[in-house]
Amino acid sequence: MTSPALDAPEANILEASSETNSTKDVEGISDEQGLAEGSFYQEQVGKKPRRKHFFSPLDGVLAEAVHKDATRVEYTEAEERAVRRKIDLRVLTLVICSYIFNQFDRTNIGNAHVITAFNQNFGITDNNKWTLVLSIFYVGYCLLEMPANVLQRYIGADRFFFLSLTFWGLSSLSIVYAKGYAGLLVLRVLLGIGEAGYYAGMIYYLSFWYKRHELAMRISLCMTGTLPGAISGLLAFGLVRAHTSVLQGWQFLFLVEAVPTMIMACALLAFLPAFPFSSSFLTPREKAIAQARLDRDHRPSSHGGPSGWQGLRAVLRDANAWLLMLVYASFNVGVATITYFLPTLINQLGFSSINAQGLTVAPYAVGWCMVVLAAWHSDRTRDRGRHIMAMTLTSCVGYIILATSVQKSVGAGYFALFLVVGGNFSLFPLVMSWAANAFSPTSKRGVGTAFIVSISNCVSIASPQIYFDANDDFRKGHAISAGCLFASCLAAFILHMRLKMLNKRNKAYIETLTQDEKDALAKDASEEIWDNDPPLNVITIFRSEYLEEIASDISA
């Protein structure tokens, strides 16, 4: 929403707030502390954004005020670090907690499958019925991924994620009391609908708060299935032993993990800021600093700008988007299976169903260390492509060991699961932060991340079906997963080389400019930059203090 007061010249803004102010007064203020403090324009419009109803968007007046203050605010590195710490404590903590519950509700069915009572309750009598239960989850997930991302930008993250967590929490809770195979299939579809937009939406949301080279590490802390997988394994190890006259062990598993999800939904509605400009935990000056540090990196816009349809058209015409989708879709074949089959694979190594729950903890714990280390090093070196290639090959080796040695050595099979879990889940933060780095403007970033996840999860519908050879220890399924990971590595290599070439072209363009032309481009930075416009990309480069670092961050 556009405010006439904020679109008008500065003098008009002051006239709207005080009849005694004049253009001369504003010009005088520009050299004073008022504008440098970063709260001047916000004071003109008030501090609290307004909504007409639950599904209405926030008033864009305050957003524009924050953006205007961000262009004038002056701050030190220490202040920037302090603002980032506050964002970490509020935003990052809430996102981490919500994703833990997301993974609980998504993966607890894998822990329940090794329990005989669960299979009897839902009539899962063979492997084909089981793989259909896993596949059908992705139907609603795929269909609604991109619309959900557009809805999130419209109503804000707090309300969107409240709806999302509440819906899938209720769906997961309903499994406790459901019976029959058809009922389970329906609830799995509803669970997928509830989770549609969550993962890509969180990546999109974090891009409003963090610079491009800060994303991978934080995504690895927030949104990887390794930490929730380890916790879920411990919970399952204890809960499946519980029995009462009303509920069995597997029902406790869904009950204890679904109820906290709905509590978390209320916490997000109460405490998660919809956008940085509407955050209550930041002062007006801190909002301006939070926006200013991103404006010098990639200028995310929470209001206005191109529409979702324009963003979609831009994504569909972008070769980078299709290559990223291929990278994600190929490695997601392995993720979509190992997430649900890990207890089953350990069970087939000769361990009991209860012990298999506990033995899932170690691969997830080691995998979490691998995820964080890969993301930290990726951010530190500002490199994405090489790290993705390294982790796809790590997971590929793990699947090759499973395909060739699982019948010969229990130790080799269990060790291979460490490589598979660590390699697969390391790819989530690396690929999604690469996508967030590569797509601009904000509308394209939002639709682009949703596009990658949505199309890739269409592949996930078929992914569980590759584990059709239960009588042969799933060796053919492991071989197919290894081949898909090699294809993912190849696609990452092509994209890495393509972006390096584009960066060289942009750098060559910069070298042809005179200093006056460079200064003119540096000043022309009022709008978001399209990633496919080489001359305009120079603006983002000159807005930054480090040419080479930004260039490598975009490509590698």
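With sequence neighbours excluded, the residues forming a side-chain contact (heavy atoms from CB on, under 4.5 Å) with Val256 are Leu239, listed by chain and number. Partners of Glu195 by salt bridge (charged side-chain N to carboxylate O under 4.0 Å, His left out), not counting sequence neighbours, listed by chain and number: Arg106. Shown here are the salt bridge (charged side-chain N to carboxylate O under 4.0 Å, His left out) partners of Asp473, two or more places apart in sequence or in another chain: there are none. The side-chain hydrogen bond (donor to acceptor under 3.5 Å, both in side chains) check on Thr166 picks up nothing, with sequence neighbours excluded. Residues that satisfy the ring-ring contact (aromatic ring centres under 6.0 Å, His included) test with Trp168, not counting sequence neighbours, are Tyr198. Under the rule for a salt bridge (charged side-chain N to carboxylate O under 4.0 Å, His left out), Lys129 has no partner lying at least two apart in sequence or in another chain. Looking at residues two or more places apart in sequence or on another chain, you find a side-chain contact (heavy atoms from CB on, under 4.5 Å) between Ile136 and Val139, Leu185, Arg188, Val189. Contacts of Arg84 classified as salt bridge (charged side-chain N to carboxylate O under 4.0 Å, His left out), with partners at least two apart in sequence or in another chain: Glu214. In this structure, the side-chain contact (heavy atoms from CB on, under 4.5 Å) partners of Gln465, at least two apart in sequence or on a different chain, are Thr131, Ser135.
Aromatic rings from Phe474 and Phe468 are positioned such that their centres are separated by 6.0 Å or more.
Counting only residues at least two apart or in different chains, salt bridge (Lys or Arg N to Asp or Glu O under 4.0 Å) contacts with residues 474-486 comprise Asp472-Lys476. Sequence neighbours left out, not one pair with a member in residues 449-467 passes salt bridge (Lys or Arg N to Asp or Glu O under 4.0 Å).
Heavy atoms from other residues, nucleotides or ligands lying under 6.0 Å from CZ of Phe486 number 12 at most.
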Pairs under 3.5 angstrom only: tabulate donor-acceptor contacts from the side chains of residues 324-333 to other protein residues two or more places apart or in another chain.
unit_1 : atom_1 : unit_2 : atom_2 : d
Ser330 : OG     : Leu326 : O      : 2.8
Asn332 : ND2    : Asn457 : OD1    : 3.1
Asn332 : ND2    : Ser460 : OG     : 2.6

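Side chains of Tyr210 and Asp88: a donor-acceptor N/O pair is present below 3.5 angstrom, by distance only. Tyr205 and Asp158 share no side-chain donor-acceptor pair at under 3.5 Å.
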